[in-house]
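Computed from heavy atoms alone, side chains included, the values below leave out hydrogens, waters and symmetry copies. Bear in mind that the values here come from a model prediction, so they are computed numbers and not experimental data.
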There are 2 protein chains.
Amino acid sequence: MAERGTRSDRPARERVLEAALDLFAEHGVSGTSLQMIADRMGVTKAAVYHQFHTKEDIVFAVVGPALDRLVEIADAIGGEPDQERRFTATLAGIIDLIITHRRLAAIVQFDPMVARLVRGHPAHASFERIRALFTGPDPDGSALVAAAMVSGGLIVAGVDPALARLSDDELRKHLFDTAARLLRPLPGVPPATA
Amino acid sequence: MAERGTRSDRPARERVLEAALDLFAEHGVSGTSLQMIADRMGVTKAAVYHQFHTKEDIVFAVVGPALDRLVEIADAIGGEPDQERRFTATLAGIIDLIITHRRLAAIVQFDPMVARLVRGHPAHASFERIRALFTGPDPDGSALVAAAMVSGGLIVAGVDPALARLSDDELRKHLFDTAARLLRPLPGVPPATA
DNA sequence: GTCTATAGGGAGATAGAC
DNA sequence: GTCTATCTCCCTATAGAC
């Protein structure tokens, strides 16, 4: 079922998405034209339009899978009764998501065009649920600021060229420890193992 | 000297910059046209062109002052011999800069168009010097990640709508404490007073 | 300082041949 | 799946009147 004589529309679609992701990361969505995407693929605009009928469709196809994964992570919160494991699993989940998609995470969080599209997606609510988990109930100013710094800091750390020399596993470990240290200023709760 | 019969070219220029900042923050630089700026001001495109001859000029005028201030902060590092005061003054300086310019800070850090323009500006080197101060000499992975999270986290916290209800002073205090906590994992150095 | 008018080009998008 | 050709609209930018 995976290989067929006619590979149908798979390669072309994916080549569009790869080119689009590269260009979105470098120029932003508004700064990327369909002509630029076509040029990078070595085809014409019309060929791109054969795969995606609007630019918005391309944006959704690029960011959609990561948003769906974010929803899954948030939905898993309700299924875990133990507080500590719930916190740990969720934090590990979003760090994994960020590391897997690196450039994409920054686009979703910071590109104004994408942000507007995401506002209508279930992932938006999921993001709020995750943030609420991190701030805890009835958060004070300090907890709000810590959660905000983590949410932005994780994304930035995923893209930062200064961290390019770190392996995925190293980065994952440091991000987890650093985020946990910020989110659990509770005395008696030691930061996750270093 | 403050009020003259002819107010020269002050108001019109500043109205352009205000409108541009609003729109850059909402749509990104590439997503903002001169027509949008003119519409927001209630004038025509040509009136905008009378103040700034290119769109790039507007971008520079919007971000320039904040970049200049960043350079000043970095330059002050060399003039302070005491290590602790150097760290404290620099961190307080950039937090002040971020709070003063809130939306602008996010544009400078995350808009790809602005990022490309900033690459040729002295502020780029200043940013690296400040980061080096925060990581310390010969940083390990943990220190690099902490510095990256702070640099991104401070910016995000400055814009985050979830923090809108905090006063500037509250936000300043929490940002300082949280950033200091991340950047000084040294035992024996207590976080700045809460 | 602001306007009208316009040049010149690139944007997103469509039609239809191969 | 990809092409050529084309449409329409909006973009940046300029010229010149008021």
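- One hydrophobic cluster, built from ILVMFWY side chains closer than 4.5 Å, holds both A/Val145 and B/Leu91.
- At whole-Å resolution of the value, OH in B/Tyr49 and P in C/dA7 are 17 Å apart.
- Taking atom NZ on A/Lys55 and atom C1' on C/dT14, their separation rounds to 18 Å, with Å as the unit.
- In this structure B/Ala76 satisfies the side chain to side chain contact (heavy atoms under 4.5 Å, CB included) test with no other residue, sequence neighbours excluded.
- Here the closest non-hydrogen pair linking A/Phe52 and A/Leu17 is CZ-CD2, 3.7 Å.
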Between the protein and nucleotides 2-5 of chain C, which nitrogen or oxygen pairs are less than 3.5 angstrom apart?
unit_1: C/dC3; atom_1: OP2; unit_2: B/Thr44; atom_2: N; d: 2.8
unit_1: C/dC3; atom_1: OP2; unit_2: B/Thr44; atom_2: OG1; d: 3.2

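- The side chain to side chain contact (heavy atoms under 4.5 Å, CB included) check on B/Glu56 picks up B/Thr54, B/Phe60, B/Leu117, with sequence neighbours excluded.
- When rounded to the nearest whole Å, the span between CD1 of A/Ile58 and P of C/dG12 equals 9 Å.
- Counting heavy atoms from C-beta on, the side chains of B/Asp75 and B/Val71 come closer than 4.5 Å.
- B/His27 is linked by a side chain to side chain contact (heavy atoms under 4.5 Å, CB included) to A/Arg116, B/Leu23, B/Thr32, B/Met36, counting only residues two or more places apart in sequence or in another chain.
- Shown for residues 22-40 of chain B: no residue has heavy atoms falling under 4.0 angstrom of DNA chain C.
- Rounding to whole angstrom units, NE2 of residue B/His53 and P of D/dA15 are separated by 10 Å.
- What separates CD of A/Glu56 from C1' of C/dA11 is a distance of 16 Å, to the nearest Å.
- Residues meeting the side chain to side chain donor-acceptor pair (under 3.5 Å) test with A/Arg86, sequence neighbours left out: none.
- Taking CZ of A/Phe127 as the reference point, atom NE2 of A/His121 lies at 14.0 Å (rounded to 0.5 Å).
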